[in-house]
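Worksheet: the structure to be examined is printed underneath.
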Amino acid sequence: MKTINWKDVIKKAVIYLIVGSGALLMIVPFLWMLSSSLQTSHQVNLRPPVWFPNPPQWGNYQRILHYAPYFPRYFLNNIIVASVGTILELSTSILAAFAFSRLKFWGRDVVFYILLATMMIPAEIMLIPNFLTIVRLGWLDTYQALIIPWSASILSIFLLRQFFLGIPDSLSHAAKVDGCRNFRFLWAVMVPLARPALVTIALLSIISSWNAFLWPLIVTNSHNMRTLPLGLALFRGEAGTFFELLMAASVVVVLPMVILFVIMQKHIVASVSRSGLKG
Amino acid sequence: MTERRTIKETIQAYLYLAPALLILGTFSIYPVIRSLLMSFTTVHRRSMEVEEIGLHNYRFLMEDPRFHLALRNTFTFVLGVVPVAIVISLFIAVLLNQKIRGAAFFRSVYFLPFVTSTIAIAMVWSWIFHSNHGILNYFLGFIGIAPRPWIEHPDYAMTALIIMSIWSRLGFNIVILLAGLQTIDKQLYLAARVDGAGVWHRFKAVTAPLLSPSIFFLMVIGVIGGFRVFGEIYALFASGATPLPGPANSALTVVYYVFQRFWDDRNFGLATAAAVVLFVIILIFTLIQFWLGKKLVHYK
């Protein structure tokens, strides 16, 4: 017969209680955002709060357009900037990481260490000169301005280089014997092998680009080029004190990343503990 | 390894590097140098003429009460967020590491703010903090705490910002700490238990030293991130369409100061000088932390 170890049971119960209430505190703002977004302007101010509005006011999501007709455009811009930016960042990283890990050339270590050193410098110091560069290029209020400055990342190059270094040299020799040129070898052998590292880079790039705020704020000035976080910040002025609409707009901004997170949970968590950095 | 570098391979290598170097050179390396130079100049608004003014911008910053306020607020923010967030997440991470069912689920819940736009986070919190209709004041009412004007009054604004920021940083910390905890050999705990060490003693003798590299990493990242806070403030305290660094500048931070000098005043020289000061502060703090880290952090 198995006796119940009460000490263990109590210990487990206390752990669940603490971790559970913590998790509740984490999730409540999200639930409140969602719940508020489905309430009427009257319900949203009622106390005690309404958690399950019945019927849910799905119309609030349509009413966003009344105050901010450009919201779909912001959404489209976010998708364009995040996807094109990520593809470019992957390409520049693959090419650079290949050179740093597989080719022998003059200045390799110097260039590499200069890049590593710049990784420590906060991006804010680059803000104003970069803004002036964008002005001089005539890129103000364009997709280029939103995408190009972020289409190469030292962190990504570094992560991928480490991964490439772990791929055995014998593979490359075998390929050389087969008459495989460097580029084909990179494309056909290295890239498929480096999938985990590429997924890490892509996920971090998508998340940071989707949520970017300060840079889009200064290089865009028309509704056509604004991105979602920017549109959300502006929406506050447009929808005034309608918190149910403000929350609906917030849900629109947050939901795609939450869905991405639910699908790619393991990869995202692993990516973060691997690289330790957000963008 | 034999290092045979041929001209051909060098040319080829730089072709591979060209796209990345072009972008990083233009948008990451050149602007750092340009910023340093710009901080010694002023740009005339009309003519866009650049004039060398030496240390004038830095001298101005030293005497500008707004900049002092921004520095003080930034320090308060960093001190209020980083240690508390690390202690709480350490506590939660250790509990999550106790082989409980659903640990991965809980970790994901804590991690959710990491993937969320800081603007959206600030939006929902400005609603939670709302003085008349906010649910925070409503819930605080249950435990007999009178409603507070969290984001409308300068006495509470920084506290509100700190609470929100701790909340949004926990998940990242927990993920890093859990990764650190998983590298600790379980045998060590068994050995400590055999020696009769209690929970606190096991934490002090095994967990803390072996986890110190992760904690150290979180401190460095947390301090750097804390000094760079901007978007949260921009969205949390906005009144209508006008962004505000908190009531009576109570949440004016250094990056916000840079933004105002650059964006509102169009004073490029002064704004870059403030950014350079921020960079130097971050650098000094990072160096101090590394120096302390060498003494305290236990590397295998």
Side-chain angles (χ1 to χ4, degrees), chain A residues 12 15-16 18-19 22-23 26-27 29-30 32-33 36 45 47 49 92 95-96 98-99 103-106 115 118 121-122 124-126 128-130 133 148-149 151-152 154 157 182 207 211 213-214 218 229 232-234 236-237 240 243 246-247 250 253-254 257-258 261 265 269 272-273 276, chain B residues 3-5 9-10 12-13 16-17 19-20 23-24 26-29 31-32 34-35 92 95-96 98 100 106 108-112 115-120 123-125 127-128 133 135 138 172 175-176 179 217 228 230-231 234-235 238 240-241 255 258 262 268 271-272 275-276 278-279 282:
Chain A
K12 278 269 155 75
I15 292 178
Y16 274 113
I18 297 171
V19 171
M26 295 308 294
I27 203 87
F30 288 101
W32 186 229
M33 183 194 278
S36 296
N45 289 325
R47 295 295 167 270
T92 58
L95 293 173
F98 180 72
L103 301 176
K104 301 181 186 75
F105 58 96
W106 279 291
L115 291 186
T118 5
I121 300 173
E124 284 70 22
I125 203 172
M126 306 160 188
I128 296 159
N130 280 348
T133 303
I148 302 295
S151 57
I154 298 165
I157 294 172
N182 268 337
I207 294 169
N211 297 329
F213 180 67
L214 183 52
I218 66 166
L232 182 61
L234 285 173
R236 208 195 176 120
F243 273 101
L246 209 52
M247 290 304 107
S250 302
V253 177
V254 170
M257 287 302 104
V258 172
F261 179 59
Q265 250 185 74
V269 171
V272 169
S273 39
Chain B
E3 288 277 312
R4 275 189 53 242
R5 299 172 293 195
E9 195 156 332
T10 300
Q12 206 189 16
Y16 278 97
L17 284 174
I23 290 161
L24 292 172
T26 314
F27 294 105
S28 294
I29 295 170
V32 175
R34 177 97 193 268
S35 261
I92 301 288
L95 293 183
L96 283 179
Q98 303 295 311
I100 61 163
F106 284 122
S108 293
V109 170
Y110 283 96
F111 193 70
L112 209 47
V115 300
T116 311
S117 147
T118 47
I119 303 301
M123 283 300 161
V124 72
W125 277 94
W127 175 217
I128 289 170
H133 305 293
I135 48 170
Y138 172 76
F172 174 76
V175 164
I176 299 291
F217 172 75
R228 297 173 55 188
F230 175 75
Y234 187 98
V255 174
V258 172
F262 160 53
F268 296 161
T272 39
V276 171
L278 175 74
F279 168 52
I282 291 180

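To find a chain, count down the sequence lines: A is the first, B the second, and so on, and within it residues start at 1. Every heavy atom of this structure was used, including side-chain atoms; hydrogens, water molecules and symmetry mates were not.
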A side-chain contact here means heavy atoms from C-beta on lying under 4.5 Å apart; do [X] and [Y] qualify?
{"X": "A/Thr133", "Y": "B/Pro31", "result": "no"}
{"X": "B/Ile282", "Y": "A/Ile121", "result": "no"}
{"X": "A/Ile148", "Y": "B/Phe27", "result": "yes"}

Could you look at [X] and say if it's the side chain, the backbone, both or neither that has a heavy atom under 4.5 Å from chain A?
{"X": "B/Ile23", "result": "side chain"}
{"X": "B/Ala179", "result": "side chain"}
{"X": "B/Phe230", "result": "side chain"}
{"X": "B/Val258", "result": "side chain"}
{"X": "B/Val276", "result": "both"}

Could you pull out the closest heavy-atom pair between [X] and [Y], with the gap in Å?
{"X": "A/Ala99", "Y": "B/Ala13", "answer": "CB-O, 3.8 Å"}
{"X": "A/Pro129", "Y": "B/Thr272", "answer": "CD-CG2, 4.4 Å"}
{"X": "B/Ser108", "Y": "A/Phe261", "answer": "O-CE2, 3.5 Å"}
{"X": "A/Leu232", "Y": "B/Met123", "answer": "O-CE, 3.6 Å"}
{"X": "B/Tyr234", "Y": "A/Ala233", "answer": "CE2-CB, 4.2 Å"}
{"X": "A/Leu95", "Y": "B/Pro19", "answer": "CD1-CG, 4.0 Å"}

Quiz prompt | Separation of B/Gln12 CD from A/Leu103 CG (nearest 0.5 Å) | solution =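 Rounded to the nearest 0.5 Å, the CG-CD separation comes to 6.0 Å.
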
Quiz item: How long is the gap from CD1 on B/Ile135 to CZ on A/Arg47, to the nearest 0.5 Å?
Solution: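 Between B/Ile135 CD1 and A/Arg47 CZ, I get 7.0 Å after rounding to 0.5 Å.
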
Taking [X] for the side chain and [Y] for the main chain, is one N or O donor matched with an acceptor at less than 3.5 Å?
{"X": "B/Tyr110", "Y": "A/Val19", "answer": "yes"}
{"X": "B/Ser35", "Y": "A/Ile125", "answer": "yes"}
{"X": "A/Asn211", "Y": "B/Thr118", "answer": "no"}

Choice from [options] maximising heavy atom contacts with chain B below 4.5 Å:
{"options": "A/Met257, A/Met247, A/Gln265", "result": "A/Met247"}
{"options": "A/Asn130, A/Leu214, A/Ile157", "result": "A/Asn130"}
{"options": "A/Phe98, A/Tyr16, A/Phe30", "result": "A/Phe30"}
{"options": "A/Ile15, A/Asn45, A/Thr92, A/Leu115", "result": "A/Asn45"}

Quiz item: So which part of A/Met33 gets closer than 4.5 Å to some heavy atom of chain B, the side chain, the backbone, both or neither?
Solution: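 Looking at A/Met33, backbone and side chain both touch chain B.
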
Practice problem: Sort A/Val269 into side chain, backbone, both or neither according to what part of it lies under 4.5 angstrom from a heavy atom of chain B. | Solution: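 Both parts, heavy atoms under 4.5 Å.
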
Quiz item: What class does the angle between the rings of A/Phe243 and B/Trp127 fall in, given that below 30° is parallel, 30 to 60° is tilted and above 60° is perpendicular?
Solution: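 It falls in the parallel class, under 30°.
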
Practice problem: For side chain to side chain contact (heavy atoms under 4.5 Å, CB included), just list the numbers for B/Ile100 and A/Lys12, CA-CA rounded to whole Å, side-chain angles, deciding distance to a tenth of an Å, and then say yes or no. | Solution: CA-CA 8 Å; B/Ile100 61 163; A/Lys12 278 269 155 75; 3.9 Å; yes

Heavy-atom pairs under 4.5 Å with chain A, option from [options] with the top count:
{"options": "B/Ser28, B/Ala235, B/Ala271", "result": "B/Ser28"}
{"options": "B/Thr26, B/Leu278, B/Leu112", "result": "B/Leu112"}
{"options": "B/Phe279, B/Tyr138, B/Trp125", "result": "B/Tyr138"}

Exercise. Just do the side chain to side chain contact (heavy atoms under 4.5 Å, CB included) check on B/Ser117 and A/Val253 with the steps written out, would you?
Key: CA-CA 7 Å; B/Ser117 147; A/Val253 177; 3.9 Å; yes

Quiz item: Can you check side chain to side chain contact (heavy atoms under 4.5 Å, CB included) on B/Leu95 and A/Ile18, steps first, answer last?
Solution: CA-CA 9 Å; B/Leu95 293 183; A/Ile18 297 171; 3.7 Å; yes

